[in-house]
Amino acid sequence: MDLLPEARPENASYGKQAYWDERYAKEDQDATFDWFQSYADIKHLIGPFMPRGKASKILVLGCGNSTLSADLYEDGYRNVTNIDFSSVVIDRLSKQHRDKPEMKWIKGDVRSLPFEDGSYDVAIDKGTMDAMLAEKGDVWNPSEEVKKACRQEVDEVCRVLVHGGVFLYL
């Protein structure tokens, strides 16, 4: 008996930049969406992994229009860099959060991060790799292309983290 649901064909679009640009362009300017849980729900889990406390340099991978970054900032984590491959969401959020001067918004790909080695204390992936894995077929047996993309993200995260840095995959 197979108890796992079949992958929905439209989910395969989650790994494509065009899907996200189109989705964000259609949404209200102030729309937000948090995969899984809000920051309030997980902050007690994240805090202990911040090696330099509130001074930790944090990279949010595939930030989308989640409130995670703004919530981190409001909680005192000022050194937050956000990266997403959708220029639509990066442009929108950089304007919305221009009152947070320490927060950075970068258009880029998590598989090829535009940062120097050892630049961050913590990297947070909250749904980005899951979106890459949402292709057609068996999620427990992804294609070679998807496995390669996931390896690239992990390799890049390891490269940009300081020695002893933390990769939080939520």
Side-chain angles (χ1 to χ4, degrees), residues 14-15 17 19-133 149-170:
Y14 289 173
Q17 180 180 353
Y19 168 82
W20 294 105
D21 281 339
E22 183 178 335
R23 176 176 168 161
Y24 294 133
K26 288 179 181 177
E27 289 180 345
D28 289 338
Q29 292 294 306
D30 58 350
T32 62
F33 183 80
D34 275 291
W35 296 91
F36 315 123
Q37 300 289 317
S38 70
Y39 177 67
D41 297 322
I42 61 174
K43 82 183 233 176
H44 69 285
L45 300 171
I46 291 176
F49 291 101
M50 296 294 175
R52 296 189 311 131
K54 303 283 179 165
S56 295
K57 290 182 68 177
I58 303 168
L59 176 61
V60 179
L61 302 155
C63 61
N65 62 354
S66 167
T67 63
L68 175 64
S69 301
D71 293 341
L72 283 164
Y73 190 92
E74 294 304 322
D75 196 26
Y77 297 98
R78 295 294 194 251
N79 198 338
V80 179
T81 299
N82 303 280
I83 187 166
D84 199 288
F85 63 8
S86 171
S87 59
V88 175
V89 80
I90 290 297
D91 291 346
R92 178 182 303 158
L93 293 177
S94 64
K95 290 174 187 164
Q96 283 179 2
H97 297 289
R98 62 181 165 264
D99 61 326
K100 299 171 181 68
E102 300 97 334
M103 189 177 289
K104 299 175 189 76
W105 301 92
I106 309 291
K107 182 193 179 298
D109 191 325
V110 299
R111 296 166 295 182
S112 180
L113 294 170
F115 308 113
E116 293 182 20
D117 296 0
S119 300
Y120 293 92
D121 300 306
V122 178
I124 301 174
D125 178 321
K126 187 172 171 272
T128 299
M129 191 178 298
D130 293 320
M132 289 192 289
L133 286 164
C150 292
R151 275 192 303 272
Q152 287 173 316
E153 177 187 356
V154 172
D155 288 346
E156 281 294 280
V157 168
C158 290
R159 181 184 65 75
V160 302
L161 284 175
V162 298
H163 180 72
V166 177
F167 182 16
L168 295 175
Y169 175 68
L170 309 174

Query raised in the report: Side chain of Lys100, backbone of Val80: donor and acceptor closer than 3.5 Å?
Result: no
How far apart are the closest heavy atoms of [X] and [Y], and which atoms are they?
X      : Y      : answer
Lys26  : Glu22  : NZ-OE2, 3.0 Å
Ser69  : Val60  : OG-CG2, 3.6 Å
Pro114 : Ile106 : CG-CG2, 4.1 Å
Val122 : Pro51  : CG2-CD, 3.5 Å
Gly62  : Asp84  : C-OD2, 3.3 Å

Donor + acceptor pair across side chains of [X], [Y] (<3.5 Å):
X      : Y      : answer
Ser112 : Asp109 : no
Glu74  : Tyr39  : no
Glu27  : Asn65  : yes
Asp91  : Ser87  : no
Thr67  : Asp34  : yes

**Report entry** Which residues share a ring-ring contact (aromatic ring centres under 6.0 Å, His included) with Tyr24, sequence neighbours left out
**Finding:** Trp20
Report summary line: Result for side-chain contact (heavy atoms from CB on, under 4.5 Å) between Arg111 and one of Glu156, Arg151, Gln152 points to Gln152
**Report entry** side-chain contact (heavy atoms from CB on, under 4.5 Å), paired with Val110, selected from Asp125, Val154, Leu61, Leu59
**Finding:** Leu61
Report task. Kindly determine whether Asp75 and Lys43 satisfy salt bridge (charged side-chain N to carboxylate O under 4.0 Å, His left out), including the steps that lead there. Result -> CA-CA 9 Å; Asp75 196 26; Lys43 82 183 233 176; 3.5 Å; yes
Please report the interatomic distance [atom1]([X]) to [atom2]([Y]), rounded to the nearest 0.5 Å.
X      : Y     : atom1 : atom2 : answer
Cys63  : Ile90 : SG    : CD1   : 4.0 Å
Gln37  : Leu45 : CD    : CG    : 9.5 Å
Ile124 : Phe49 : CD1   : CZ    : 11.5 Å

**Report entry** Residue pairs passing the ring pair (Phe, Tyr, Trp, His ring centres under 6.0 Å) test where at least one lies in residues 100-121, sequence neighbours excluded
**Finding:** His97-Trp105, Phe115-Tyr120
